[in-house]
**Student:** 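Okay, here's the structure, questions in a sec.
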Number of protein chains: 2
Amino acid sequence: MKRKITLKQIAKELDVSVSTVSKALKDSAEISVDTKEKIKAFAKLYNYKPNNIALSLKNRKTKTIGIIIPEIVHHFFTTVIRGIEHVANEKGYNVIICLSNNSFDKEVLNLEFLANGSTDGFIMSVAKETQQKEDYHHIKEVISQGMPVVMFDRVIDEVICDKVVISDKHGAFEAVQYLIDLQCKKIALISTVDYVSVGKLRTAGYKEALTTNDLEVNEDLILKIEDVDHSQEKIEEFLKGKDIDAVFAVNEQFAVNAIKALTKLGKKVPNDVSVIGFTDGVVSKSFIPSLSTVNQHGEDMGAKAAHLLIERLESETEEQIFQTTVLDTSLIIRDSVKK
Amino acid sequence: MKRKITLKQIAKELDVSVSTVSKALKDSAEISVDTKEKIKAFAKLYNYKPNNIALSLKNRKTKTIGIIIPEIVHHFFTTVIRGIEHVANEKGYNVIICLSNNSFDKEVLNLEFLANGSTDGFIMSVAKETQQKEDYHHIKEVISQGMPVVMFDRVIDEVICDKVVISDKHGAFEAVQYLIDLQCKKIALISTVDYVSVGKLRTAGYKEALTTNDLEVNEDLILKIEDVDHSQEKIEEFLKGKDIDAVFAVNEQFAVNAIKALTKLGKKVPNDVSVIGFTDGVVSKSFIPSLSTVNQHGEDMGAKAAHLLIERLESETEEQIFQTTVLDTSLIIRDSVKK
DNA sequence: TTGTAGGCGTTATCAT
DNA sequence: ATGATAACGCCTACAA
């Protein structure tokens, strides 16, 4: 088995110096055509590839971007990753992904691991547990050490860095407005607990839409779910006996759960109750009835985040002004709402 | 902004040598308690962390495992990753994920990138395009350079390495046998094109179940889908006017598409037609009717793959015997089949 | 107890 | 046209 070959080995075999080999392979004008040919042929034969680690050490940069996300199940994150990769590859960067599994400790470990030389910068969406603990020292730490960080989706106000978010509040507003325009008057909200930033914002959008239209916010029609694993039961219990004509759910899962619960309770979607969810995923299209959702344009988000990060990585000056980019959502109307 | 601090800087600040610092931070007995204290305190203050890149270069190992998978949308891959991470972290390894997006070129790039020093070994499931081209030089290359590779799910016979697969054929067999036991006689198969190894195997299992039960294999009842993006139309067209009492689909997507098509055609699932899919994903549970599937135990698969890889990484001898581990599947019966 | 030197693989600078 | 040397950050055998 031929181990990976190094410049040194090539040099020895060909009885030249290491620097000659290095230059030859870079097609330097300093080296004679003869030797260049010889060296290149040999290198090709042994499939020489420069060692990234050595290059990284020498250049003090890795040309790779680290992505840290809570979980990968979500179709949304997949699209964001695609957007990041697209831009990154175009600019000659590689991308490596680490999952926090929504665990604070895991997030800290991942960040430390990647920050110690493995990446030039980060694009991240923080773990639920981290938002709950409100402990962001690990992120601030890497930033203070000069690693650029771009946050997306679940962002933290108190961490100073570039951010890309969608207009959660406005997206929710539009969805609820749509329901109101359909003459719905008793619109339930199924949200997450408030420490999840997006849940909070979407709830705010819901409330604003109601008040803007002179509808009362009825806390009895608002459900906040802590434990996603048992959302189905919670939602069934919540909807039982409620007199409603629409449901707005802050994610795909809850929307599906709501429809199932409503069906169980003998209500027809969309005839009796219209339902709109948030985040367009795989389930939305497949589900019967297909789900109306607020679409988040994940790919644009990823692309924007990558641009912001790379710009910072490659700018000479240490710009201290950070920006938050707000991307619009769009409403996708499918079968789960009345026509 | 305090840049990341190095041993050298600490040494200079404290007016000692670099090796003294290095030893002190490792709590070496060679260094006096006084200096150790002093150095440790200073290091802590400046949050010193050894540079991974330098360590990797020195040790010629990175303690990280590279995962290369076609796409991340599949719930199945998510579970595999979880299994890998669990074992890897336990053994002190980190995990980085790269996506091939089912593209051959991307797979080659990812492999080259990670093979040049970034990882100690790979766990991978090959891209669809790669299986189609039957070009595996890139994988053979890294293996010949001494990087252990473990393949899972979509494995390649002609590449010699450890493999972890599920008993695709047997899983399919069991599913179809189940349908036969329900007295189904006209069972359609919706599969992928044959170059996708798992599609081929599952098709074989389907056929074997039929022949074992003295049922004829009717090629008219077999659909092979090339273009996943238009599977819905294909399936509708295929099922139109077909006299069948069951459908076995080789993935979740096709199963869902089939149910939708059947519903459109006025057939009831499961009363008129029973449906079983392969791979238990997010959609299966949510769908109405909930999907019966062949469950793949992705987490076990990932764990096994990680064990195999780490064993090879840490064994002194260069074992030349490779093993293929076959994991059992299990049938999950939900509402999409008759009781 | 502390320091020096060499090396991991590469490249840039400065000889020869 | 080619080679020697130093440096990136770390560790360790050996020297002082």
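We use all heavy atoms of the structure for the numbers below, so side chains are in, but hydrogens, waters and symmetry mates are not. Below, chain A is the first sequence line, B the second, and so on; all start at residue 1.
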**Student:** State plainly whether the residues A:E129 and A:K106 are in salt-bridge range, i.e. N to O under 4.0 Å.
**Tutor:** no
**Student:** C:dT10 P sits how many Å from A:N51 CG, rounded?
**Tutor:** 6 Å
**Student:** Is the phosphate of C:dT2, meaning OP1 or OP2, less than 4.0 Å from a side-chain N or O of B:S32?
**Tutor:** yes
**Student:** B:L57 has an atom CG; how far is it from atom C1' of C:dG6, in whole Å?
**Tutor:** 13 Å
**Student:** Send over the distance from B:K38 NZ to C:dT1 P, rounded to a whole Å.
**Tutor:** 14 Å
**Student:** To the nearest Å, how far apart are A:D27 CG and C:dT11 P?
**Tutor:** 14 Å
**Student:** With the threshold set at under 4.0 Å for non-hydrogen atoms, list the residues of residues 7-16 of chain B touching DNA chain D in residue-number order.
**Tutor:** B:L7, B:K8
**Student:** What does the inter-axis angle of the helix from C:dT1-D:dA16 to C:dT16-D:dA1 come out as, five pairs per end, nearest 10 degrees?
**Tutor:** 70°
**Student:** Rounded to the nearest Å, what distance is computed from the NZ atom of residue A:K26 to the C1' atom of nucleotide C:dT10?
**Tutor:** 8 Å
**Student:** Can you name the side-chain contact (heavy atoms from CB on, under 4.5 Å) partners of B:K63, sequence neighbours left out?
**Tutor:** B:Y93, B:E314
**Student:** Looking only at atom types and distance, does a side-chain atom of B:D162 sit under 3.5 Å from a main-chain N or O of B:V149, one as donor and one as acceptor?
**Tutor:** no
**Student:** Under 3.5 Å, is there a donor-acceptor pair between the side chain of B:K61 and the main chain of B:L57?
**Tutor:** no
**Student:** Can you say whether a donor on the side chain of B:K23 sits under 3.5 Å from an acceptor on the base of C:dG3, or the other way round?
**Tutor:** yes
**Student:** Would you mind listing every side-chain hydrogen bond (donor to acceptor under 3.5 Å, both in side chains) that reaches into residues 118-128 of chain A, with sequence neighbours excluded?
**Tutor:** A:T62-A:D120
**Student:** First locate atom CE of B:M124, then atom CD1 of B:I65, and finally report the distance between them rounded to the nearest 0.5 Å.
**Tutor:** 14.5 Å
**Student:** Is any side-chain N or O of A:S22 under 3.5 Å from a base N or O of C:dT10, one able to act as donor and the other as acceptor?
**Tutor:** no
**Student:** Kindly indicate whether the side chain of B:L308, heavy atoms from C-beta on, has any atom under 4.5 Å from the side chain of B:V164.
**Tutor:** yes
**Student:** Mind checking A:S19 for me? I need base, sugar-phosphate or nothing, with any heavy atom below 4.0 Å counting as a touch.
**Tutor:** base
**Student:** Between NZ of A:K36 and CG of A:D27, what distance do you get to the nearest 0.5 Å?
**Tutor:** 4.5 Å
**Student:** Show your reasoning for whether side chain to side chain contact (heavy atoms under 4.5 Å, CB included) applies to A:Y136 and A:T130.
**Tutor:** CA-CA 7 Å; A:Y136 312 117; A:T130 307; 3.8 Å; yes
**Student:** Find the distance between CD (B:Q132) and OH (B:Y195) and round it off to the nearest 0.5 Å.
**Tutor:** 3.5 Å
**Student:** Separation of A:K58 atom NZ from C:dC8 atom P, in whole Å?
**Tutor:** 16 Å
**Student:** Inspect the surroundings of NZ in B:K91 and state if more than 12 heavy atoms from other residues, nucleotides or ligands are less than 6.0 Å away.
**Tutor:** no
**Student:** Using a cut-off of 4.0 Å on non-hydrogen atoms, how would the nucleic acid contact of A:T35 be classed: base, sugar-phosphate, or nothing?
**Tutor:** sugar-phosphate
**Student:** Can you give me the first and the last nucleotide of DNA chain D (5' to 3') that has an atom within less than 4.0 angstrom of a non-hydrogen atom in chain A?
**Tutor:** D:dA1 to D:dG9
**Student:** Under the side-chain hydrogen bond (donor to acceptor under 3.5 Å, both in side chains) rule, collect the residues that match up with B:S32, sequence neighbours excluded.
**Tutor:** B:T35
**Student:** Under 4.0 Å, heavy atoms only, any strand: does A:A24 hit a base, just the sugar-phosphate, or nothing?
**Tutor:** nothing
